[in-house]
Each structure stands twice: as C-alpha cells, then as structure tokens.
Amino acid sequence: MSTEIENLKTYDPFAEADEDSGKTKQTQEYIHIRIQQRNGRKTLTTVQGIPSKFDHKKILKVVKKEFACNGTIISDTEMGEVIQLQGDQRTKIKEFLTDKENGLGLDDKTIKVHGF
C-alpha cells in the first residue's frame, strides 16, 4: 500500500509567486523599498536587496546629494546591507534604481515598493 503524504513537501508560503509560471521564488532576488514612521511627521525610507555587485557607499553618496536628504547603511545579519534614508524617498529611489542613464538601470519587475 503506497500512500503519499502531500503536506510534507517543502513549500515556502512566504516566497513570492512568479507572475509568469506561478512557481515560487525566494524574496532575496527582489529589491524592497519600505517606509517607516518615526515620531510625528518624520519618516524613514529603507532600501533592501540591492545586488552586491554595486557599491552601497557610492550609491548612498549619490542618493544623498541628489535627493537632499541624509542617510546611512545598516548592516544586518538577516537582510544584509540596508540603505536607510530620511524622509519619504520611495518614488525617487525607484526612479533612480530603474534609470539607465543616471541610475543603476535595474529591471522594474524586481523592485517592490511597500507602505501606505
């Protein structure tokens, strides 16, 4: 008698589903742009998952100058290096990441914007 137990197969419910094939991918391939509320009207924008082939310090230097905001790089064991910017910079940082001439020229499908 051969009985197969279906619910013991490895399935990650938190992995993002691929739009084309429906198969799940790990979330590490995506770049996540999030906003965090501080006190009052103050906010922080965090950018996580930028590929390691790019120099995070140079990206931060250009972004700080371009957006006229302060920022820092947070090293985390789980999430890797996270760029943290003052203020709501979600739309600007997405345009910078996808811009082929002045930015990094990344694919728009790999960027996920979270918040509000």
Side-chain angles (χ1 to χ4, degrees):
M1 181 174 178
S2 70
T3 58
E4 231 178 276
I5 300 174
E6 289 293 319
N7 62 353
L8 291 181
K9 292 184 179 178
T10 57
Y11 172 71
D12 187 6
F14 297 107
E16 296 287 331
D18 190 15
E19 291 87 16
D20 303 330
S21 61
K23 295 181 181 174
T24 57
K25 289 189 202 172
Q26 289 298 324
T27 57
Q28 199 60 22
E29 297 173 13
Y30 289 104
I31 297 173
H32 296 279
I33 303 172
R34 294 185 174 90
I35 189 165
Q36 294 177 342
Q37 191 72 35
R38 279 187 21 198
N39 44 356
R41 293 176 53 197
K42 308 285 185 187
T43 55
L44 284 176
T45 303
T46 58
V47 183
Q48 167 197 341
I50 294 179
S52 57
K53 65 180 179 180
F54 297 110
D55 188 4
H56 290 80
K57 287 185 179 180
K58 287 185 179 178
I59 292 172
L60 181 65
K61 188 174 182 179
V62 169
V63 165
K64 282 168 58 173
K65 191 125 179 137
E66 187 83 20
F67 302 162
C69 68
N70 200 5
T72 185
I73 297 176
I74 308 288
S75 294
D76 190 45
T77 53
E78 268 184 41
M79 298 182 275
E81 288 193 337
V82 178
I83 295 178
Q84 204 173 56
L85 301 169
Q86 285 184 348
D88 187 3
Q89 311 293 342
R90 288 175 296 174
T91 55
K92 292 180 186 175
I93 195 75
K94 184 175 181 186
E95 288 171 10
F96 174 77
L97 292 173
T98 56
D99 190 9
K100 297 221 184 303
E101 291 178 20
N102 298 328
L104 301 181
L106 297 170
D107 188 14
D108 197 22
K109 293 178 182 174
T110 62
I111 299 173
K112 300 238 183 220
V113 180
H114 305 278
F116 305 156

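These numbers come from a predicted model, not from an experiment.
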Student: Just grab all the salt bridge (charged side-chain N to carboxylate O under 4.0 Å, His left out) pairs involving residues 94-104, residues at least two apart or on different chains.
Tutor: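 Every salt bridge (charged side-chain N to carboxylate O under 4.0 Å, His left out) pair that includes a residue of residues 94-104, provided the two are not neighbours, is K94-D108.
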Student: With sequence neighbours excluded, what pairs up with K61 under the side chain to side chain contact (heavy atoms under 4.5 Å, CB included) test?
Tutor: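 Residues passing side chain to side chain contact (heavy atoms under 4.5 Å, CB included) with K61: none at all.
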Student: Could you tell me the separation between the OG1 atom of T46 and the CD1 atom of I74, rounded to the nearest 0.5 Å?
Tutor: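 It is 10.0 Å, given to the nearest 0.5 Å.
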Student: Which one of H32, K112, R34 satisfies the side-chain hydrogen bond (donor to acceptor under 3.5 Å, both in side chains) criterion with Q48?
Tutor: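 Testing each of H32, K112, R34 against Q48, the sole residue satisfying side-chain hydrogen bond (donor to acceptor under 3.5 Å, both in side chains) is R34.
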Student: On a heavy-atom basis, which atom in F96 and which in I59 lie closest, and how many Å separate them?
Tutor: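 Looking at all heavy atoms of both residues, the shortest contact is CE2-CG2, 4.0 Å.
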Student: Please give me the minimum heavy-atom distance between P51 and I31, naming the atom from each residue.
Tutor: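 Looks like CD-CD1, 4.1 Å.
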Student: Give me each pair satisfying salt bridge (charged side-chain N to carboxylate O under 4.0 Å, His left out) with a member in residues 40-60, each pair once, sequence neighbours excluded.
Tutor: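 Output for this query is empty, none listed.
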Student: As an exercise, state the distance from CD1 of I33 to CD1 of I93, rounded to the nearest 0.5 Å.
Tutor: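 The CD1 atom of I33 sits 6.5 Å away from the CD1 atom of I93.
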Student: Is the closest side-chain heavy-atom distance between L44 and R38 below 4.5 Å?
Tutor: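 Heavy-atom side-chain distance check passes, below 4.5 Å.
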Student: Nearest 0.5 angstrom please: I111 CD1 to L104 CG, how far?
Tutor: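 Spacing of CD1 (I111) from CG (L104) equals 8.5 Å.
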Student: At their closest point, which heavy atom of F67 faces which heavy atom of Q89, and how far apart are they?
Tutor: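 That closest heavy-atom pairing would be CB-OE1, 3.7 Å.
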Student: Extract all donor-acceptor atom pairs below 3.5 Å that involve side chains of residues 79-86 and protein atoms in other chains or at least two apart in sequence.
Tutor:
residue	atom	partner	partner atom	Å
E81	OE1	H56	ND1	3.1

Student: Quick one: side-chain hydrogen bond (donor to acceptor under 3.5 Å, both in side chains) partners of Q36, sequence neighbours excluded?
Tutor: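 Counting only residues at least two positions away or on another chain, Q36 forms no side-chain hydrogen bond (donor to acceptor under 3.5 Å, both in side chains).
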Student: Please examine the side chains of L97 and I50, heavy atoms only from C-beta on, and report whether any two atoms are closer than 4.5 Å.
Tutor: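 The answer is yes; the side chains approach within 4.5 Å.
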Student: May I ask you to check whether over 12 heavy atoms, not counting those of Q37, lie within 6.0 Å of atom CD?
Tutor: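 Above 12, so yes.
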